[in-house]
Structures are given as structure tokens and as C-alpha cells.
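For the numbers below, each heavy atom of this structure counts, side chains included, while hydrogens, waters and symmetry mates do not. Residue numbers start from 1 in every chain, and the chains themselves are labelled A, B, ... in the order their sequence lines are given, proteins ahead of strands.
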There are 2 protein chains.
Amino acid sequence: MAEPATRTVERALQLLGAVCDAGAVSLAEVSRETELSASTALRLLRTLENSGFVRKDTDGEYRPGLRLVQLGAQALSHESLIHLAAPALQRLVEATGESAYLSVRGHQGTGSDHAVYLAIAEGTHSVRHASWVGRSVPLKGSSLGIVFAGKTPETGYVVSDKGVEVDVTAIAAPLRQLGAAVTAGDSAPLAAISVVAPSYRMNPAEIERIGQLVATEARALLGAGLQN
Amino acid sequence: MAEPATRTVERALQLLGAVCDAGAVSLAEVSRETELSASTALRLLRTLENSGFVRKDTDGEYRPGLRLVQLGAQALSHESLIHLAAPALQRLVEATGESAYLSVRGHQGTGSDHAVYLAIAEGTHSVRHASWVGRSVPLKGSSLGIVFAGKTPETGYVVSDKGVEVDVTAIAAPLRQLGAAVTAGDSAPLAAISVVAPSYRMNPAEIERIGQLVATEARALLGAGLQN
DNA sequence: AATTAGCGTTTCAATAAGTGAAACGCATCA
DNA sequence: TGATGCGTTTCACTTATTGAAACGCTAATT
């Protein structure tokens with residue numbers, strides 16, 4: 001498995017990723033981030049712009065374009081993972097009252113130390129953890145971080161109390177099924193589901209109950225994923 | 001405005017679009033659709049695959065990849081249009097009880113005769129029009145088709161009775177604000193909002209009432225869009 | 001069985017195409 | 001009034017993309 005890759009395209013995709021990660025960036029910024037010469041970055045960004053993948057708004061900064069939103073929305077709806085996970089997330093909400101998330105880790109290179117929420121089921125408690133689809137969260141010190149590092153213990157779930165956010169407890173479990181699809185054969189999972197709750201509402205018994213629910217749903221998805 | 005574009009990248013993006021439109025395609029199919037030689041298509045698809053924008057699943061077909069879903073989700077959440085439109089859609093639902101949609105037309109080239117739903121607010125009636133984010137709908141004969149053709153009359157809205165689907169009435173209005181952002185200066189709008197309802201529940205008076213609501217919300221979005 | 005057709009894949013020589021240093025004009029800042 | 005940083009254009013160098021052709025394969029077709 002060598003690298004039969006097209007450098008130009010790789011760079012363009014890299015730029016696209018950088019623009020999306022930043023939300024809005026100047027030419028100088030992206031070209032620094034991606035370590036491309038300004039002229040090259042400009043040329044590629046223009047190509048991306050012509051195709052609608054990025055747009056250059058009035059203040060001259062580059063932002064994700066409509067074409068990307070369109071394809072993303074389309075892919076999101078085609079993407080089996082999200083559809084498969086939705087009922088599981090819903091069940092977790094019903095069983096716990098807390099918010100449940102489906103996330104993937106940031107792809108190789110850009111933002112690989114972050115996770116992105118792909119789907120969300122909001123909890124029913126009036127005080128609940130609220131985030132949004134597309135939110136990028138740092139992995140460091142979070143339960144997702146441990147899950148994506150492939151260090152989930154035998155119990156099948158990971159708990160982080162006051163990891164990323166204070167007052168918040170997160171309980172996560174890995175989805176391994178698609179392992180071979182994108183990355184090479186390393187044991188790190190591609191996606192995870194998690195329940196995130198205010199810490200004051202948690203106690204060891206409740207945490208274990210939820211943990212087992214999350215782990216069970218994760219394993220169930222694993223089986224269902226084979227339909228693809 | 002010449003064409004300072006990078007051919008390789010353009011082709012790769014074209015392929016990406018083709019894969020997304022199809023949902024799942026073989027190499028031979030995309031290379032035919034995009035009019036690229038098989039070897040070129042293969043090389044570019046591999047590059048896209050290495051970056052996670054497409055994936056090649058077990059049956060050898062190419063599908064939208066996780067990276068695209070991730071960026072799309074991210075962009076979707078950053079994208080002001082969808083956030084701006086959400087309250088408007090919600091208001092339309094509250095005022096009409098029917099489902100309301102935000103859509104953009106398929107981008108240049110691939111799928112330009114279709115529209116894609118970007119955001120949805122479901123109606124409150126038990127019998128209601130139900131679709132999903134990412135759904136691609138044909139423009140031909142639909143009110144969206146007329147709106148995207150730039151042929152919206154003075155009234156500010158377009159009605160199509162039994163256009164795309166039988167028993168369904170759609171009322172659409174254009175969002176023009178971002179006109180200059182992506183496409184050249186043609187008068188065609190980039191996005192539209194619409195209310196879609198079962199025809200049996202409609203009558204001329206109700207249609208006019210809803211039409212004016214939709215047109216009003218569309219114009220309001222136009223103003224708000226300047227914050228960007 | 002022999003034949004045809006279509007697919008995914010690899011190879012390779014021709015050359016078309018991407019590259020980045022340098023220079024420019026234009027802002028803003030010291 | 002220099003100095004700094006930005007977006008942009010130009011251009012010679014040559015690297016990296018290209019597509020026809022050939023290969024092995026499977027699955028219809030004869």
C-alpha cells in the first residue's frame with residue numbers, strides 16, 4: 001500500500017479541511033497552517049471556490065461553501081452510521097434522560113486530537129448537556145479521548161468525570177465495526193457513542209448503569225453495521 | 001474572470017460530487033459520468049480515499065467518506081444560512097401547521113436540476129409532508145424549480161399544485177442574499193424556503209395566506225443575512 | 001468450451017500542468 | 001516615513017499528471 005496519491009488534490013483537500021476547522025480564515029493563515037506557499041494556496045483555494053466548496057466572503061476570509069454543505073448533508077443522510085445510531089441514541093435518552101452523542105475523531109492530520117459530534121439526541125431533563133452537530137471537542141482528558149486511543153477497558157465503557165468541562169460527566173463506548181473501512185488495521189475505533197450528564201446528578205450506581213447501557217448499545221450497533 | 005483553476009483538483013471535486021450524488025458507484029460508472037479515463041478516475045478516487053472523503057466498501061463501490069460527513073456536519077453548523085433560517089422555518093410551522101424546508105439547488109454541473117433540503121421543520125398536523133435533510137428532489141415542475149430559475153412573480157412566492165408529488169402542494173420563495181457569493185451575477189437565487197402540504201387541506205385563501213408568510217420570511221432572512 | 005464483453009488495475013513515455021521565489025501595490029502600524 | 005504583512009501576479013523550471021495500451025479477471029454469451 002504505497003502512496004499512489006495526487007499531491008495537488010491532497011493539498012486542496014488539506015486546505016478544505018483547514019478552512020472548515022477554522023470556520024473562517026484568511027489566505028495567510030491557511031497557507032501557514034498547511035505549510036503551503038501563498039501562491040499555491042491561493043490557486044487551490046480559487047479552484048475550491050469555483051466549485052463552491054469554499055466561499056470568500058465580503059471581508060476576504062474563506063469559509064466552507066454551499067457545495068460542501070450540500071454534499072455533507074447528502075452524505076449525512078446516506079451515511080448508514082448516523083442512521084444506524086439514531087435509534088440507539090434515542091434509546092439511551094429514554095433510559096437515562098441525559099443527552100447522547102455519536103462522534104467520530106478528527107481525521108488524520110488536521111484536528112486528529114479532536115472529535116466531532118455527528119448526531120445528537122437531547123436529554124429530557126430540563127438541566128441537560130446541550131451541544132450541536134458539527135461541534136468539535138478536544139480529546140485530551142475526555143472519555144472520548146481514551147476510547148479513540150483504543151484503551152477502553154473490559155467493561156466496554158469509559159467514564160470521565162470533569163474532564164473537558166467542569167461539572168460534566170461523560171460515559172463513552174467505542175464503535176469498532178467500520179475499522180477496516182478507512183484507517184489501516186490499527187485497533188483504534190472510528191466512532192463512539194456517549195452519554196453526557198451534569199455531574200451532580202451522577203453517582204457510582206447510576207454511572208455503572210448508564211455505562212452498561214452505552215456499552216450494550218455500542219455492541220448492538222456493531223452487529224447491525226454488517227448490513228451496510 | 002478567466003479560469004485560474006487547477007484541473008486535477010477540479011476533476012477530483014467533480015468525482016467527489018458524482019460519488020455523493022450517486023450514494024454508491026463503481027469506478028466504471030463514475031468515470032463514465034465524469035468523462036474521465038478510468039486510470040485517472042482511479043488515481044483521483046484513491047487520493048480522495050486516502051483523505052477519507054470517499055471510502056471503498058466491501059463490494060468495491062465508492063461512497064461518501066467519513067471525512068466528508070465530518071466536514072459537512074461542521075460546515076452545516078458553522079453555516080449561517082441554516083442557523084438563520086431555522087427560526088423562520090419554525091415560525092412557518094407554527095403559523096401553518098405544515099412542514100417547512102430550506103433548500104439549495106444542486107450545484108453547477110452535477111445535479112443542477114435538483115434541489116437539496118438543508119434544514120427542515122416538521123409540521124404539527126398528524127398528516128404532514130415528511131422528508132429528510134440531504135434529500136435530493138427534482139426541480140422539474142416543482143415550485144422550487146421556478147424559484148431557482150429566477151422566475152418568481154411579483155407576489156414573491158410560487159405555488160405548485162401536484163408538481164413533483166401527487167396530492168402535494170408546495171409554496172416556495174427565494175433567498176437572494178448570497179447571490180454574489182458563489183455564482184456569477186445571474187439573477188438565480190441560491191437558496192429557497194418552502195412550505196409543503198397535502199393538497200386536500202389547501203384552498204385559494206389558505207394558499208395565499210401561506211404564500212405571503214413564506215415570502216415575508218424569505219425577505220426577512222435577506223436582511224438578516226447581512227450580519228454574516 | 002470457447003468467446004466476448006466489461007471491469008479494476010498497472011505501466012510508461014509525452015508533455016501538460018503545478019510549483020514557489022520574487023516582485024508589486026496596498027494597506028496598516030510604529 | 002519607514003517597516004511589516006497582506007493578497008496578488010508573473011514566470012522559468014521541471015515535476016507530476018495524463019491516457020492509451022496491455023493485463024488478468026469474472027461473468028455473460030455463443
Side-chain angles (χ1 to χ4, degrees), chain A residues 1-19 21-65 109 180-182 184 228, chain B residues 1-19 21-65 109 180-182 184 228:
Chain A
M1 195 196 308
E3 296 238 20
T6 307
R7 191 172 61 146
T8 319
V9 176
E10 267 181 349
R11 290 175 160 184
L13 296 176
Q14 197 187 343
L15 279 169
L16 183 58
V19 169
D21 284 343
V25 272
S26 65
L27 171 62
E29 276 178 81
V30 267
S31 63
R32 243 179 284 112
E33 275 174 34
T34 55
E35 295 182 323
L36 293 174
S37 76
S39 50
T40 300
L42 179 64
R43 199 166 352 98
L44 296 180
L45 280 173
R46 281 193 178 143
T47 307
L48 290 170
E49 195 187 354
N50 283 338
S51 302
F53 281 82
V54 305
R55 61 175 224 271
K56 192 179 178 181
D57 58 14
T58 44
D59 54 11
E61 298 210 302
Y62 290 94
R63 298 175 179 241
V182 172
N228 195 21
Chain B
M1 194 194 308
E3 297 238 18
T6 308
R7 192 171 62 145
T8 320
V9 176
E10 266 181 349
R11 290 176 161 184
L13 296 176
Q14 198 186 344
L15 279 170
L16 182 58
V19 169
D21 285 343
V25 271
S26 65
L27 171 62
E29 276 178 80
V30 267
S31 64
R32 244 179 284 112
E33 276 174 32
T34 56
E35 295 182 322
L36 294 173
S37 75
S39 50
T40 300
L42 178 64
R43 198 166 355 95
L44 295 181
L45 281 173
R46 279 193 179 143
T47 307
L48 290 170
E49 195 187 354
N50 283 338
S51 303
F53 280 81
V54 305
R55 61 177 226 270
K56 192 178 179 181
D57 59 13
T58 44
D59 54 10
E61 299 210 303
Y62 290 94
R63 299 177 180 241
V182 173
N228 195 21

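- What separates CG of Asp57(B) from C1' of dG8(C) is a distance of 15 Å, to the nearest Å.
- For the OP1/OP2 pair of dT19(C) and a distance below 4.0 Å, the side-chain nitrogens and oxygens of Arg11(A) include at least one atom meeting the criterion.
- Here dT10(C) presents its P atom at 13 Å from CG of Leu45(B), a figure rounded to the nearest Å.
- Spacing between atom CD of Glu35(A) and atom P of dG20(C) amounts to 12 Å, rounded to whole angstrom units.
- We find that CD of Glu29(B) is positioned 14 Å from C1' of dG8(C), with the value rounded to whole Å.
- In terms of phosphate contacts, Arg43(A) brings a side-chain nitrogen or oxygen within less than 4.0 Å of OP1 or OP2 of dT19(C).
- Taking side-chain N and O atoms only, Arg46(B) has a distance below 4.0 Å to OP1 or OP2 of dT10(C).
- Distance Glu10(B) CD to dT18(D) P: 11 Å, rounded to the nearest Å.
- Put simply, the residue from Val19(B), Val25(B), Thr40(B) that forms a side-chain contact (heavy atoms from CB on, under 4.5 Å) with Leu45(B) is Val19(B).
- Contact check, Thr8(A) against dT17(D): a side-chain N or O comes under 4.0 Å of OP1 or OP2.
- When the side-chain nitrogen and oxygen atoms of Ser39(A) are compared with OP1 and OP2 of dG20(C), none of them lie within a distance under 4.0 Å.
- Following rounding to the nearest Å, Leu27(A) (CG) and dC6(D) (P) show an atom-to-atom distance of 9 Å.
- Side-chain proximity of Ala38(A) to the nucleotides dT15(D), dG8(C), dT8(D) is greatest for dT8(D).
- Side-chain atoms of Thr47(B) come within 3.5 Å of backbone N or O of Thr6(A) as a donor-acceptor pair.
- The interatomic distance linking Leu42(A) (CG) with dA22(C) (C1') rounds to 16 Å, in whole Å.
- Leu48(B) has its CG atom 15 Å from the C1' atom of dT17(D), to the nearest Å.
- Residue Ser37(B) is classed as a base contact, given a heavy-atom separation below 4.0 Å to a base.
- In this model, the phosphate group of dG5(D) is not approached by any side-chain N or O of Arg32(A) to a distance below 4.0 Å at OP1 or OP2.
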